[in-house]
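Because the structure is predicted, anything quoted here is derived from the model rather than measured. We're numbering straight along the sequence, starting at 1.
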Amino acid sequence: MPKRSAGILMFRRRGEVEVLLMHPGGPFWAKKDLGAWSIPKGEYSEDEDALAVAKREFEEETGARPQGDFLPLGEVVQRGRKIVTAWGLEGDFDPTTLTSNRFELEWPPKSGRKASFPEVDRAQWFSLADARRKMVAVQGEFITRLLAAIGK
C-alpha cells in the first residue's frame, strides 16, 4: 500500500499570484534548496479525512490555523510512490511567525546522541516560476491546477 499525504498550497495575490512553500528541517535538508521545498503536508491513514489532516499538518508545520475556502487540487504521485492530495487556500501567512513541530534524530549518525530539529526550518512566498524550481517537481502540478481553479 503506498503512503498517502495531504497538504495545503496557500496562495496570495500581490499583483501576481504567489505561493507559500516550506523547507524541511533537519541535517539531511540543511544544504538542499532546488527541488527540496514543499507544500506543508503530512501522512495519514485510510480511516482519516484527508482535508482534516491537511489542515492539521499546516498548523503543525507553521503554527497557524488555516481557514477559508479550500479548493480541491487532486492528487499527484511523488517519487517513491507516495500519493499527495492537496487543497489550495487563499491566505497571507507571515513567514517570520513560523513555529514548527520538532522531531528527534540520532545526530551525528551512530553517535548515540539525540538532537531535536524543526520539521520545517523556513517558510517563504515564491513567484510561480521560482516555486516550480524550488519545490518537489511533481508538486508543480498543484500550481497548474490552482491557476485553473482560480481562473488564471
Side-chain angles (χ1 to χ4, degrees), residues 1-26 28-30 32-105 116-152:
M1 214 49 197
K3 292 183 179 180
R4 300 186 72 82
S5 248
I8 294 172
L9 177 60
M10 184 172 274
F11 69 98
R12 68 182 183 186
R13 303 170 208 236
R14 293 267 172 107
E16 294 296 318
V17 174
E18 297 177 326
V19 294
L20 182 70
L21 299 179
M22 307 292 143
H23 186 270
F28 300 117
W29 297 101
K32 294 182 178 16
D33 188 52
L34 295 179
W37 294 72
S38 176
I39 65 171
K41 62 179 178 43
E43 290 185 9
Y44 67 99
S45 60
E46 287 185 36
D47 62 334
E48 291 182 281
D49 176 69
L51 180 54
V53 170
K55 291 175 183 179
R56 178 191 72 216
E57 292 296 325
F58 188 95
E59 186 169 3
E60 287 180 1
E61 293 187 9
T62 66
R65 177 168 284 138
Q67 298 178 359
D69 295 325
F70 294 88
L71 306 169
L73 301 177
E75 298 178 342
V76 298
V77 181
Q78 291 188 170
R79 208 176 337 172
R81 300 186 335 155
K82 179 186 278 186
I83 299 167
V84 179
T85 305
W87 286 263
L89 176 66
E90 191 162 6
D92 198 14
F93 175 76
D94 178 357
T96 66
T97 65
L98 180 70
T99 307
S100 176
N101 276 359
R102 300 184 71 83
F103 68 95
E104 283 196 347
L105 175 71
S116 176
F117 301 96
E119 280 188 49
V120 169
D121 62 13
R122 286 176 278 161
Q124 186 174 330
W125 288 99
F126 289 99
S127 70
L128 299 181
D130 286 343
R132 287 180 191 275
R133 289 185 311 111
K134 298 276 189 172
M135 71 195 314
V136 174
V138 73
Q139 289 183 21
E141 178 61 25
F142 292 137
I143 291 175
T144 301
R145 294 174 188 174
L146 173 69
L147 294 174
I150 64 173
K152 291 279 184 186

Asks: Can a donor-acceptor pair be found between the side chains of Arg133 and Ser127 at a distance below 3.5 Å?
Replies: no
Asks: Grab the two heavy atoms, one from Lys82 and one from Lys41, that are nearest each other, plus how far apart they are.
Replies: NZ-NZ, 4.4 Å
Asks: Which heavy-atom pair separates His23 from Lys32 by the least distance, and what is that distance?
Replies: NE2-O, 2.6 Å
Asks: Under 3.5 Å, side chain of Thr99 to main-chain N/O of Thr97, donor-acceptor pair present?
Replies: yes
Asks: For Asp121 and Trp29: C-alpha separation, side-chain torsions, deciding distance, then whether side chain to side chain contact (heavy atoms under 4.5 Å, CB included) applies.
Replies: CA-CA 9 Å; Asp121 62 13; Trp29 297 101; 5.7 Å; no
Asks: Is Glu18 paired with Arg12 through a side-chain N to carboxylate O contact shorter than 4.0 Å?
Replies: yes
Asks: With a 4.5 Å limit on heavy-atom distance, are the side chains of Leu34 and Lys134 in contact?
Replies: yes
Asks: So with a 6.0 Å cut-off around CD of Glu16, is the heavy-atom count from everything else above 12?
Replies: no
Asks: Does Trp125 reach the side chain of Met10, with side-chain heavy atoms less than 4.5 Å apart?
Replies: yes
Asks: With a 3.5 Å distance limit and no angle check, can you tell me whether Thr62 reaches the backbone of Leu98 through a side-chain donor-acceptor pair?
Replies: no
Asks: Out of curiosity, Arg81 CZ to Met1 CE, how far, rounded to the nearest 0.5 Å?
Replies: 10.5 Å
Asks: Is any side-chain heavy atom of Pro40 less than 4.5 Å from a side-chain heavy atom of Glu57?
Replies: no
Asks: Atom CD of Glu61 and atom CD of Glu119: how far apart are they, to the nearest 0.5 Å?
Replies: 5.0 Å
Asks: Is the closest side-chain heavy-atom distance between Arg79 and Val136 below 4.5 Å?
Replies: no
Asks: Determine whether more than 12 heavy atoms belonging to other residues, nucleotides or ligands lie under 6.0 Å from atom CG of Asp94.
Replies: yes
Asks: Answer yes when Glu48 and Arg4 have at least one side-chain N-carboxylate O distance shorter than 4.0 Å, and no when they do not.
Replies: no
Asks: Is there side-chain contact between Val19 and Phe142, with at least one heavy-atom pair below 4.5 Å?
Replies: no
Asks: Do Arg132 and Phe126 pass the side chain to side chain contact (heavy atoms under 4.5 Å, CB included) test, and can you show the C-alpha distance, the side-chain angles, and the key distance before you say yes or no?
Replies: CA-CA 9 Å; Arg132 287 180 191 275; Phe126 289 99; over 6 Å; no
Asks: With respect to Leu128, which candidate in Thr144, Leu146, Leu147 satisfies the side chain to side chain contact (heavy atoms under 4.5 Å, CB included) definition?
Replies: Leu147
Asks: Evaluate side chain to side chain contact (heavy atoms under 4.5 Å, CB included) for Leu20 paired with Phe58, printing each intermediate quantity in order.
Replies: CA-CA 11 Å; Leu20 182 70; Phe58 188 95; 4.2 Å; yes
Asks: How far apart are the closest heavy atoms of Pro95 and Ala123, and which atoms are they?
Replies: CB-O, 3.1 Å
Asks: Which atom names give the shortest non-hydrogen contact between Ile143 and Ala131, and what distance separates them?
Replies: CD1-CB, 3.8 Å
Asks: Which heavy-atom pair separates Pro2 from Ile83 by the least distance, and what is that distance?
Replies: CG-CD1, 3.9 Å
Asks: At their closest point, which heavy atom of Gly88 faces which heavy atom of Phe11, and how far apart are they?
Replies: C-CE2, 4.3 Å
Asks: Compute whether any side-chain donor of one residue and acceptor of the other, for Ser38 and Gln139, lie under 3.5 angstrom apart.
Replies: yes
Asks: As a quick check of understanding, evaluate side chain to side chain contact (heavy atoms under 4.5 Å, CB included) for Arg145 and Leu71, giving each step before the final call.
Replies: CA-CA 10 Å; Arg145 294 174 188 174; Leu71 306 169; over 6 Å; no
Asks: How many angstroms lie between CG in Leu9 and CD in Glu141, if you round to the nearest 0.5 Å?
Replies: 11.5 Å
Asks: Gln124 versus Leu21: any side-chain heavy-atom pair under 4.5 Å?
Replies: no
Asks: How many angstroms lie between atom CD of Glu90 and atom CD1 of Ile150, to the nearest 0.5 angstrom?
Replies: 7.0 Å
